Amino acid sequence: MLNSYQLDEKLMPILRQMEKTGVKLDINFLEKLAQKIDLKLTELEETLYGLVGHKFNLNSPSQLAKVLYEELKISPEKCGIKKKKTHHSTSASSLIKIRSLHKSIDQILIYRELAKLKNTYVDPLPKLVDQTQRLHTTYAIDTTTGRLSSKNPNLQNIPASGKIAKSDFSWGSEIRKAFVAAKGYKLIVADYSQIELRIAAHFSTDINMTKTFQEGHDIHAATAKELGVDRRTAKVINFGILYGMSAYGVSETLKIPPEEAQVLIDRYFNSYTGLAHYIQNVIGEAHENGFVETLLNRRRYIPEINSPIERIRRFGERVAINTPMQGTAAEIIKLAMLELHPKLNKNAKMIMQIHDELVFEVKDSEIDDSLKKIKNAMENVIKLKVPVLVNLSVGDNWAETKEIKV
DNA sequence: TAGACTGGCGCC
DNA sequence: AAACGGCGCCAGTCTA
């Protein structure tokens, strides 16, 4: 059986091919979007200078901190806002805590969101296309877990949905509309469903979690029922588990007291005892061996795990929990890419990988055929103790695809 | 003026 | 004392 490093070797030519093919970008669309965002930003700037009483650099966290925490006399201590090295935090999660204390806060959140989109995506991306309007990233496999990374440009952090900040419009998802299929082609998006939690079930053989997946139920809904909470809360805990999150982390994310968060975590591990044992086991082995491994034996050394400094040691433990699952998920999709690539042709090309998702550009006449091939390869490339499921959708651009049952 | 650092934030 | 794993990119700020 192939090990993780051999897998990477075989993947290289496929990645180079994906880079070379690239993805078509609708420049006109982005230019129009840029104009709309500009108008909005100018409007927000004027509103904000008015509300605060003077001009300042809205893009400077330190200047904003001075305005909020000194001039406007908002007390960061009372509001539970953490201190950074140079000043108190003005991060979105901090600003949300003081939302009700001044009219400017919501406007700042919207300003930040729009400035981010414009500076990171809308303005730079069109400058990077070739003569055929296609964008070419560079993939690397030099991460600590075995995931790919993407740079120049990074195609793995293109906005996917709207945001929480109460703006009147979901600007974020607009960006993906600019990622289009060539004429006569469509994009197929294929993403693994809950792959890391399925891997958790596989590694831990947890009876409860395994049963949920085998019966084809929604894991977050099942967890919600188990804990007596709503689905959103259950989802946070399920994800938190994969990252080794503490009661503090859960409480911050859910905005509930740490004591309540601890109760939820206790209840969680009482429901998923197999998972609890697995996690204890991985941490134990990491302490003993100084490393953890993925399904295909990618090894990550974790010197932090035996640190005398608790903070460092805890970090090592979170890494020990997360790396096997994140790394195994990366291996599964890489295996699928390897399996799939020879089955494709010039009318059906794999063009992007976003960790648990593959995007293909496929000629209209070959969509049905490709859908079957893709689903089959991705779902059957590995046999776990729980089913591996892939969702497929098709569309003219990356934002507007329609789910297809195959 | 270039590079490093900081705070912040987009994605999975 | 910090508190959620893995990335890359941005503007502002500091420093050589």
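Computed from a predicted model, the values in this text were never measured in an experiment. Just the heavy atoms: all of them, side chains too, but no hydrogens, waters or symmetry mates, feed the values below.
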Whole-Å distance separating the [atom1] atom of [X] from the [atom2] atom of [N]:
{"X": "A/Ile81", "N": "B/dG7", "atom1": "CD1", "atom2": "C1'", "answer": "14 Å"}
{"X": "A/Ile279", "N": "C/dG5", "atom1": "CD1", "atom2": "P", "answer": "14 Å"}
{"X": "A/Lys118", "N": "B/dG8", "atom1": "NZ", "atom2": "P", "answer": "22 Å"}
{"X": "A/Lys83", "N": "C/dA3", "atom1": "NZ", "atom2": "C1'", "answer": "19 Å"}
{"X": "A/Gln353", "N": "C/dG6", "atom1": "CD", "atom2": "C1'", "answer": "13 Å"}
{"X": "A/Leu125", "N": "B/dC11", "atom1": "CG", "atom2": "C1'", "answer": "13 Å"}
{"X": "A/Leu358", "N": "B/dC11", "atom1": "CG", "atom2": "C1'", "answer": "16 Å"}

Exercise for the section: Rounded to 10°, tell me the angle between the two end axes of the helix from B/dT1-C/dA16 to B/dC12-C/dG5, each built from five pairs. Expected result: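 It works out to 0° between the end axes.
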Problem - Salt-bridge present (A/Arg147, A/Glu196; N to O < 4.0 Å) - result: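 Salt bridge flag = yes for A/Glu196 with A/Arg147.
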Handout entry: Ion pair A/Lys334/A/Glu331, N-O distance below 4.0 Å
Key =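 No.
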Say you pick atom [atom1] in [N] and the same atom in [M]; how far apart are they, in whole Å?
{"N": "C/dA2", "M": "B/dG8", "atom1": "P", "value": "15 Å"}
{"N": "C/dA1", "M": "B/dC9", "atom1": "P", "value": "26 Å"}
{"N": "B/dT6", "M": "C/dA3", "atom1": "P", "value": "15 Å"}

With heavy atoms under 4.0 Å as the rule, sort [X] into base, sugar-phosphate or nothing.
{"X": "A/Arg147", "answer": "base"}
{"X": "A/Leu242", "answer": "nothing"}
{"X": "A/Arg112", "answer": "sugar-phosphate"}
{"X": "A/Arg300", "answer": "sugar-phosphate"}
{"X": "A/Ala330", "answer": "nothing"}
{"X": "A/Phe239", "answer": "nothing"}
{"X": "A/Thr323", "answer": "nothing"}
{"X": "A/Ser161", "answer": "sugar-phosphate"}

Exercise for the section: Please check if any side-chain donor atom of A/Tyr69 sits under 3.5 Å from a side-chain acceptor atom of A/Thr90, or the reverse. Expected result: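 Distance-only check fails for A/Tyr69 and A/Thr90.
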Problem - Between A/Asn297 and A/Tyr5, a side-chain donor and acceptor under 3.5 Å - result: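 No - no donor-acceptor pair under 3.5 Å links their side chains.
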Handout entry: Over 12 foreign heavy atoms within 6.0 Å of NZ, A/Lys225
Key =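 Counting neighbours around NZ of A/Lys225, 12 or fewer heavy atoms of other residues, nucleotides or ligands fall under 6.0 Å, so no.
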Handout entry: Residue A/Lys385 excluded, over 12 heavy atoms near NZ under 6.0 Å
Key =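 Above 12, so yes.
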Handout entry: Sidechain-backbone polar pair: A/Glu379 side chain, A/Val390 backbone, donor-acceptor under 3.5 Å
Key =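 Yes, the answer is positive, given that a donor and an acceptor are paired below the 3.5 Å cut-off.
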Practice task
Summarise protein proximity over nucleotides 8-16 of chain C in one line of letters, 5' to 3': B for base, S for sugar-phosphate only, - for none, counting protein heavy atoms closer than 4.0 Å.
Solution key: BSSSSS---
Which of these nucleotides, [options], is closest to any side-chain atom of [X]?
{"X": "A/Tyr248", "options": "C/dG5, B/dG8, C/dA3", "value": "C/dA3"}
{"X": "A/Thr144", "options": "B/dG8, C/dG6, C/dG5", "value": "C/dG6"}
{"X": "A/Thr253", "options": "C/dC4, C/dG5, C/dA1", "value": "C/dC4"}

Problem - Proximity of A/His220 and A/Phe239 rings by center, below 6.0 Å - result: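 So the answer is yes for these two rings.
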Problem - Shortest non-hydrogen separation from A/Leu155 to A/Ser150 and the atoms involved - result: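 Minimum heavy-atom separation between A/Leu155 and A/Ser150: N-OG, 2.8 Å.
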Handout entry: Minimal non-hydrogen separation, A/Ser204 against A/Gly274, with atom names
Key =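 Closest approach of A/Ser204 to A/Gly274, heavy atoms only: CB-O, 3.8 Å.
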Exercise for the section: Evaluate the side-chain proximity of A/Thr253 to A/Met245: yes if any heavy-atom separation is below 4.5 Å, no if none is. Expected result: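 The answer is yes, as the side chains (C-beta and beyond) meet within the 4.5 Å cut-off.
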